[in-house]
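Heads up: the structure comes next, in structure tokens.
Values below: every heavy atom of this structure, side chains too, minus hydrogens, waters and symmetry copies. Every number for a ligand or one of its atoms is a count from 1 in the order of the listing.
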Amino acid sequence: MISTDVYQAADLLKSGEVVGIPTETVYGLAANIYSEKAIRKVFEIKQRPLDNPLIVHVASIDQMEGLTKDVPEKAYKLAGAFWPGPLTLLLPKSINVPGLVTAGKPNVAIRMPGLGLTRELIANAGVPIAAPSANPFGRISPTTAEHVDKYFPELTMVLDGGPCRSGIESTIIGFDGEEPIVYRLGSLSLDEIEVKVGKVQLRNKKEVAPDAPGMLSRHYSPKTPTVLCENIADELENRTEAKIGAIVLQNEIQNQDVVQAVLSPDGDLKEAAQKLYATMHDMDQAGLDVILIERMPETGLGVSINDRLQRAAQGK
Ligand code: TXA
Ligand code: MG
């Protein structure tokens with residue numbers, strides 16, 4: 001059931017139910033971190049292996065401090081700059097975080113969501129809330145309550161906070177001593193981070209960090225075969241499929257036979273990020289033989305979008 005009742009959602013979470021919840025990035029499949037039953041159910045319905053940990057969402061710095069220890073100075077600096085918002089910090093966990101949530105790892109991933117409704121929900125539930133993206137393992141993340149309802153009709157409730165305003169997942173930053181390391185590119189761009197803490201290392205490739213978060217090479221995938229293209233018009237000359245879809249940043253191509261979607265008529269990468277997953281969901285429902293997606297410029301959020309597109313397209 002899709003609902004806007006934040007108090008009922010908080011009660012359900014408190015009592016150990018799994019609830020679909022909105023955030024500014026993507027929708028999550030939420031559980032009270034202290035309910036083992038609810039946490040297990042999240043892994044189960046998402047078909048997520050138990051060795052892949054969950055992000056914990058908090059409504060205050062106090063709540064974060066209860067869940068962590070030895071927090072680096074730069075983590076406070078980043079939290080001060082970007083919380084509430086699409087930044088997840090990997091921090092040494094305190095004994096207050098159940099091992100099931102972190103898959104036995106010594107760090108806990110924590111973020112304070114940018115959407116006011118999500119913080120209100122956490123505050124009312126009175127407990128930290130674990131939530132992975134609300135998609136079956138490997139599939140496209142949901143950016144509307146309807147996406148979640150379609151993936152998981154068995155949920156008692158999906159809290160509706162409208163379409164996500166950022167549209168791709170949070171950026172994940174861990175620390176090597178005091179040195180920030182980016183493990184997953186996301187809604188917060190590298191440029192924005194580097195303005196605050198200087199040059200950061202990127203360790204988001206499987207080869208470099210086999211244990212790094214969100215780094216499975218096939219991920220965020222439509223069911224329809226998906227191809228990442230430098231140039232859609234050139235790629236079309238090589239395609240033999242009957243029904244072709246194309247997702248472009250700004251300029252439609254001149255071809256009546258191709259089903260097209262423009263992410264941002266102004267070429268605005270923020271708008272493109274916001275619309276990306278919903279557009280991929282729609283294209284995936286359209287009965288196409290192949291989806292071609294144009295590579296974005298490698299600036300700002302374009303870097304994060306290209307990361308997702310690469311993973312969506314691999315292994316087809
Ligand atoms: O924007 C987001 O971050 C969304 C919304 C719902 O908050 N959540 C999200 O969660 O994207 P998920 O589970 O789909 O992706 C989180 C990634 C996973 O790849 C997981 O392996 C990694 O973060 N992760 C979580 N906790 C970790 C930990 N303790 N140590 C290392 N990696 C961790
Ligand atoms: Mg995910």
Checklist line | Test side chain to side chain donor-acceptor pair (under 3.5 Å) applied to T4 and D160, step by step | finding: CA-CA 5 Å; T4 53; D160 193 352; over 6 Å; no
Donor-acceptor contact below 3.5 Å, side chain [X] vs main chain [Y]:
X	Y	result
K46	N135	yes
D284	T224	yes
S304	L185	no

Between [X] and ligand 1, does any nitrogen or oxygen pair lie at a separation below 3.5 Å?
X	value
Y27	no
E169	no
K46	no
T102	no

Which residue from [options] reaches closest to [atom] through any of its heavy atoms?
atom	options	answer
atom 29 (N) of ligand 1	N52, I172, N107	N107
atom 25 (C) of ligand 1	P22, S166, P53	P53
atom 3 (O) of ligand 1	P113, S170, P106	S170
atom 31 (C) of ligand 1	L90, L188, I168	L90
atom 18 (C) of ligand 1	E24, R111, R184, R48	R48
atom 8 (N) of ligand 1	G28, A131, S141	A131

Note to self: Below a 4.0 angstrom heavy-atom separation, can you tell me which part of V108, side chain or backbone, both or neither, approaches ligand 1?
What the structure shows: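 Near ligand 1, V108 shows its backbone, while the atoms from C-beta on stay back.
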Below 4.0 angstrom from a heavy atom of [X], which ligand 1 atoms are there? Numbered from 1 as shown, please.
X	answer
I55	3 (O), 8 (N), 9 (C), 10 (O), 16 (C)
P132	10 (O), 12 (P), 13 (O)
A109	25 (C), 26 (N), 27 (C), 29 (N)
K105	30 (N)

Note to self: Is any side-chain heavy atom of K150 closer than 4.5 Å to one of Q285?
What the structure shows: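 In short, these two side chains touch, coming nearer than 4.5 Å.
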Notebook entry, point to check: Do I122 and Q63 have side-chain heavy atoms sitting under 4.5 Å apart?
Noted result: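 They are in contact (side-chain heavy atoms under 4.5 Å apart), so the answer is yes.
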Does the pair [X]/[Y] count as a salt bridge with the N-to-O cut at 4.0 Å?
X	Y	result
K77	E73	no
E169	R111	no
E44	R40	no

Margin query: Measuring from non-hydrogen atoms of K93 to any atom of ligand 1, is the shortest distance under 4.0 Å?
Written below: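 Judged by the 4.0 Å heavy-atom criterion, K93 does not count as contacting ligand 1.
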Checklist line | Minimal non-hydrogen separation, V6 against E120, with atom names | finding: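 The pair with the smallest heavy-atom distance is CG1-OE2, 3.6 Å.
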Next item on the list: Measure from the Mg ion (ligand 2) to each N, O or S atom of S141 and report whether any distance is below 2.8 Å.
Entry: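 Coordinating: no.
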Item checked: same_hphob_cluster(Y277, V248) at 4.5 Å side-chain heavy-atom cutoff ->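 Different hydrophobic clusters.
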